[in-house]
S.K.: 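My questions all concern the structure below.
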Amino acid sequence: MNEHVSENMIENLVIVESPAKAKTIERFLGKAYTVKSSFGHIRDLAKKNLGIDIEEGFTPRYVVPVDKKKIVKELKELVRDSSMVWLATDEDREGEAIAWHLFEELGLEKEKTRRIVFHEITRDAIVNALESPRFIDTNLVNAQQARRVLDRLVGFELSPLLWKKVKPSLSAGRVQSVAVKLIVEKEREIQQFRPRNYFRVTGIFSTPGAGEAPARLKAELSKRFSSREEATAFLERCRNSRFSVENIETKPLKKSPAPPFTTSTLQQEASRKLGFSVNQTMSVAQRLYESGKITYMRTDSVNLSKLAIGSAAGKIRATYGEEYLKSRNFSTRTKGAQEAHEAIRPTYLDHATIEGNRAEQRLYELIWKRTIASQMSEARLEKTTITIAISGAPEKFAASGEVLLFDGFLKVYMESTDEEQEEESSGLLPPLKVNDPLQRESIEAAERSTQQPVRYTEASLVKKMEELGIGRPSTYAPTISTIQQREYVVKEDRKGSIREMMQILLKGEDITSSMVREKYGYEKGKLSPTDIGTVVNNFLEQHFQNIMDYNFTASVEKEFDEIAVGKLNWPSMIERFYQPFHSKVDTATRTSERSKGEKVLGKDPESGKPVSVKIGRFGPIAQIGEATDQEKPRFASLLKGQSLEHITLEEALDLFRLPRTIGHFEGEELVVGVGKYGPYVRHKSKFFSLAKSDDPYTIQEERAIEIIMDKRAREENRNIKQFEEEPGLQILNGRYGPYITFQKKNYRIPRGKKPEELTLEECREIIKKADAKKSSK
DNA sequence: CAGTGAGCGAGCTTCCGCTTGACTT
């Protein structure tokens, strides 16, 4: 003890993953504890040469990445001054590995190190944890190493193969490639889908009330007709039929609340109810977490702490009354869930709303409602179905209605679904008895079409991935960004089209028919594959069926579980996987052609040469002629929105009409083309982007000049002010409004200041302050 | 930054999962 006496001696150093968590725990623990965070993993496989010594039994080569050097140094210094180090990282595979990496990298001593875990951040949970320490679980760490090594081998052997066989800089991996496959397969289903039209029959009936006002009732026929003739024939038969109540069935119904949020369900509901992208949801949730308003937002657990359940109960009792309360805990059924944390819930359940920006308030409110509702009574309903008989016809009409007897949790929150509701069942039905006659008002046969499969949104893709056990709460959002960044998939809106559907109406004695215009196929923010996504997917499916199988992750997870309990040796598990995998990579490298998705569309009428499309080094291109010794083919990039799959010969030939000269201006040519950044007009070697509404094939000289003048006016407008004494300092108008630029750095103008009235002194002051603020951070 | 696409060769790209800054005019 004497060799190192420091005034800053720390009795206990506790290390957790997240700084926000560290702050909370420090509050619970006394002065004898210093709590720090590791900011996640502090070591990873080296990037060079796989980071794995395959020959040496897959020995991992771990390094501290540059952005972690600082925190590691800081932790090392703290460790030196500490009597006891408590590794309090999460109780799952990754958390155990983080603890082990800390132990190794910080050079901890076994006698001075304890490993503790807790699933919830409450005083009790933490105190209990401190009382029952253990040591690092090597088997669990090995399971993580196996997971890490497998992912590296897959990713770093498949990606370079794609660079050779498809296009540079592409990527493949256990998770992302399967996510892309889901989207490619959905698109295939949609292409194979053939809509079928049918007629749906609904009738409106009334009670021939004596005295009181007649009540109306809408009912649907149990049978659907596949043709206009059948539907009309049915209406003919109804013309003189009598209708009566055949049966009345009343059933009690219960609805239960959904469990509290996990990362995946939060992303889904925020997408459906608030229109947030998964990235947006995560960054808003991160802010709520950091400001202490919600619990941790990356979790697969639906568990609530006893404390939370108790305080939800108090809130519900006080606000809605005892009959609305039903405390319960949910259990997780998700594949591969590791449940290191609680569900996502408000830290303080008595706060129904919070301060913050609009997005934060809305997301918080959603989380609050979902959590509270999960602890509330079931809703009780009564569902009534009335069957209506038709004289002289076997078909029946049915009307159903739901009556809410007790709202329960519905008072607070109702989960939404991805499917569009066909038609909501009506509320209260009129009081009727069996055999009551009904007056037929009208019967309508409306033409409908079967729905094509629905494309994924970001959030519904996350749902699917979670179902398959692919990816983790911390990677859903990044994975979805990656597959869009690689341009495997795009998020798009579809305007939809109009179609005419027939409506046949029986009213009084007349049967009339009319055509009704109907919008269909409208989509917002749906994911669909690009050409590259499809080509890469087909290539991987052809050569690596096992990795592309939806069950691949589930089956390796089973083995990781066996490693985690010490029943399986991790290098031999990896060996068994790697042998056949690597030889497939080898085979594909040697034998397979470059996978270009090449397709011949036809012949160029001018030259008679073949016209084809394929994936080139820079993306999809069209080509006239073939590369031979004598000649070079002509190339043109496909436009945005065009695909190898759908492009026609005419559209491909059109591409070669660009660039074209459309006239002159100020004595120079006006040339229209399509470049990397879309359609442009070039004038005096300057480029001007065309508007979305301009078509490069038809645009005229006059409009091109207008675009040029517009741009010039905007540039003129860009300069607000300059100072003679300081020519490098300018006040400019930018995309986000006025700003100051000086020495390649930009500065915001404080609120309340008019940019054109700023003096040089004031500008210098603003810059000085901003720089000072920055360096202090 | 508004091309490119033949071929050579150097050097780069890439995984999943754990975390938050850095940027944010």
Side-chain angles (χ1 to χ4, degrees), chain A residues 16-21 37-45 47 50-51 67-68 70-71 89-90 92-95 97-98 101 144 147-163 167-177 283 286 289-290 296 298 338 340 470-476 478-479 482 486 553 596 614-619 621-623 627-629 631-637 659 671-682 685-690 731-741 745-749 755 766 770 774 777:
Chain A
V16 296
E17 273 126 309
S18 143
K21 191 167 163 182
S37 92
S38 73
F39 293 82
H41 274 292
I42 53 142
R43 293 204 304 195
D44 192 14
L45 296 175
K47 292 229 175 194
L50 280 182
D67 56 327
K68 293 294 165 76
K70 202 178 138 211
I71 184 70
T89 49
D90 294 344
D92 57 12
R93 209 160 61 200
E94 297 298 327
I98 292 172
H101 282 305
Q144 194 273 349
R147 198 279 305 154
R148 182 69 192 92
V149 166
L150 179 118
D151 281 337
R152 169 56 67 87
L153 290 170
V154 170
F156 275 37
E157 294 214 358
L158 287 188
S159 300
L161 182 60
L162 293 179
W163 306 342
K167 210 175 91 110
S169 304
L170 295 177
S171 65
R174 174 177 58 82
V175 172
Q176 60 168 286
S177 296
S283 80
Q286 175 90 30
Y289 168 65
E290 281 171 8
Y296 196 56
R298 292 187 273 263
Q338 309 206 359
I470 296 164
R472 302 278 313 130
S474 66
T475 60
Y476 294 139
T479 301
T482 300
R486 298 268 177 278
T553 290
K596 302 174 226 169
K614 67 175 187 188
I615 304 245
R617 267 208 291 158
F618 308 101
I621 51 169
Q623 172 178 350
T628 61
D629 290 342
E631 64 162 38
K632 219 179 125 173
R634 293 172 66 199
F635 295 101
S637 291
V671 181
V672 174
V674 176
K676 199 167 160 188
Y677 306 99
Y680 64 86
V681 52
R682 196 179 67 215
S685 69
K686 277 186 88 174
F687 291 85
F688 304 86
S689 289
L690 299 191
I731 307 179
L732 299 176
N733 226 335
R735 225 167 9 131
Y736 312 103
Y739 65 97
I740 299 169
T741 183
K745 281 202 276 187
N746 298 330
Y747 303 87
R748 181 197 306 216
I749 291 169
I766 291 169
K774 211 171 179 185
K777 277 188 178 177

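In the text below, chain A, chain B and the rest are named by the order of the sequence lines, each starting its count at 1.
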S.K.: Can you check whether any acceptor in the base of B/dT13 is under 3.5 Å from a donor in the side chain of A/Ser169, or vice versa?
M.R.: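 By the distance-only test, yes, there is a pair.
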S.K.: Which is it for A/Leu690 and A/Val681 under the side-chain contact (heavy atoms from CB on, under 4.5 Å) test, yes or no, and what are the steps along the way?
M.R.: CA-CA 7 Å; A/Leu690 299 191; A/Val681 52; 4.0 Å; yes
S.K.: Under 4.0 angstrom, heavy atoms only, what part of the nucleic acid is A/Val175 near: base, sugar-phosphate, or nothing?
M.R.: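 If one applies the 4.0 Å heavy-atom cut-off, A/Val175 turns out to touch the sugar-phosphate alone, with no base involved.
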S.K.: Taking B/dA2 as the reference, what is the distance to B/dA6 when you measure between their C1' atoms (whole Å, please)?
M.R.: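 These two C1' atoms come out 23 Å apart once rounded.
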S.K.: Please find the pair of heavy atoms, one from A/Ser38 and one from A/Ile98, that lie closest to each other, and give the distance.
M.R.: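 It is OG-CG2, 3.9 Å.
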S.K.: Rounded to the Å, how far apart are A/Arg174 CZ and B/dT14 C1'?
M.R.: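 Between C1' of B/dT14 and CZ of A/Arg174: 15 Å.
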S.K.: Centres of the A/Tyr680 and A/Phe688 rings: under 6.0 Å?
M.R.: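 No, the ring of A/Tyr680 stays outside the 6.0 Å limit from the ring of A/Phe688, centre to centre.
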S.K.: Within the 4.0 Å heavy-atom criterion, would you say A/Leu170 contacts the bases, only the backbone, or no part of the nucleic acid?
M.R.: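 Sugar-phosphate contact only.
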S.K.: Please work out if A/Thr553 contacts a base, only the sugar-phosphate, or nothing of the nucleic acid, heavy-atom cut-off 4.0 Å.
M.R.: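 No contact.
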S.K.: Checking all strands, does A/Gly471 fall into the base, sugar-phosphate, or nothing category for heavy-atom contacts under 4.0 angstrom?
M.R.: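 The answer is sugar-phosphate, as A/Gly471 gets under 4.0 Å only of primed atoms, P, OP1 or OP2.
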S.K.: Going by heavy atoms in the side chains, are A/Leu162 and A/Lys167 under 4.5 Å from each other?
M.R.: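 With C-beta onward as the side chain, the pair stays apart.
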S.K.: Under 3.5 Å, which N/O atoms of the protein pair with N/O atoms of nucleotides 18-21 of chain B?
M.R.:
from	atom 1	to	atom 2	distance (Å)
B/dC18	OP2	A/Ser474	OG	2.7
B/dC18	O5'	A/Ser474	OG	3.4
B/dC18	O2	A/His41	N	2.6
B/dT19	OP1	A/Tyr296	OH	2.5
B/dT19	OP2	A/Tyr296	OH	2.6
B/dT19	OP2	A/Arg298	NE	3.0
B/dT19	O5'	A/Tyr296	OH	3.4
B/dT19	O4'	A/Gly40	N	3.4
B/dT20	OP1	A/Ser18	OG	2.8
B/dT20	OP2	A/Gln286	NE2	3.4
B/dT20	OP2	A/Arg298	NH2	2.6
B/dT20	O5'	A/Gln286	NE2	3.4

S.K.: Reckon A/Ala97 touches a base, only the sugar-phosphate, or nothing at all at heavy-atom distances under 4.0 Å?
M.R.: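 No contact.
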S.K.: Going by an N to O cut-off under 4.0 Å, is there a salt bridge joining A/Asp44 and A/Lys68?
M.R.: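 Salt bridge flag = no for A/Lys68 with A/Asp44.
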S.K.: Rounded to whole Å, how long is the line connecting atom CG of A/Leu50 with atom P of B/dC16?
M.R.: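 After rounding, the reported distance stands at 15 Å.
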S.K.: For the pair made of CG in A/Asp67 and P in B/dG17, what is the distance, rounded to whole Å?
M.R.: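 After rounding, the reported distance stands at 19 Å.
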S.K.: With respect to the side chain of A/Ser171, which nucleotide from B/dC16, B/dG3, B/dT14 is positioned closest?
M.R.: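 Closest of the options to the side chain of A/Ser171: B/dT14.
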S.K.: Do A/Ser171 and A/Arg486 have a side chain donor and acceptor closer than 3.5 Å?
M.R.: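 Side chains of A/Ser171 and A/Arg486: pair found under 3.5 Å.
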S.K.: Side chains of A/Lys21 and A/Thr89: closer than 4.5 Å at any heavy-atom pair?
M.R.: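 No. Closest side-chain heavy atoms not under 4.5 Å.
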S.K.: Please find the pair of heavy atoms, one from A/Arg147 and one from A/Arg174, that lie closest to each other, and give the distance.
M.R.: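 Reported closest heavy-atom pair: CD-NH2, 4.0 Å.
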S.K.: Base, sugar-phosphate, or nothing for A/Gln144, non-hydrogen atoms under 4.0 angstrom?
M.R.: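 The residue A/Gln144 makes no contact with any strand.
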S.K.: Any chance the side chains of A/Glu94 and A/His41 put a donor and an acceptor closer than 3.5 Å?
M.R.: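 On atom types as modelled, these side chains qualify, holding a pair under 3.5 Å.
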S.K.: Just the rounded figure in Å: distance from C1' of B/dT14 to CG of A/Leu150.
M.R.: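 It works out to 15 Å between those atoms.
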S.K.: According to a strict under-4.0 Å criterion, is A/Arg486 in side-chain N/O contact with OP1 or OP2 of B/dT13?
M.R.: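 No, because none of the side-chain N or O atoms of A/Arg486 sits under 4.0 Å from OP1 or OP2 of B/dT13.
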S.K.: For the pair A/Tyr289 and A/Arg298, evaluate side-chain contact (heavy atoms from CB on, under 4.5 Å) and give the outcome as yes or no after the intermediate values.
M.R.: CA-CA 10 Å; A/Tyr289 168 65; A/Arg298 292 187 273 263; over 6 Å; no
S.K.: Using a heavy-atom cut-off of under 4.0 Å over every strand shown, decide if A/Arg93 touches base, sugar-phosphate, or nothing.
M.R.: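 No contact.
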S.K.: Got a list of protein N/O to nucleotides 5-9 of chain B N/O distances below 3.5 Å?
M.R.:
from	atom 1	to	atom 2	distance (Å)
B/dG5	O6	A/Ser637	OG	3.0
B/dG5	N2	A/Arg617	N	2.9
B/dG5	N2	A/Phe618	N	2.4

S.K.: Tell me the interatomic distance from A/Arg43, atom CZ, to B/dC16, atom C1', rounded to whole angstroms.
M.R.: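 In whole Å, B/dC16 C1' lies 17 Å from A/Arg43 CZ.
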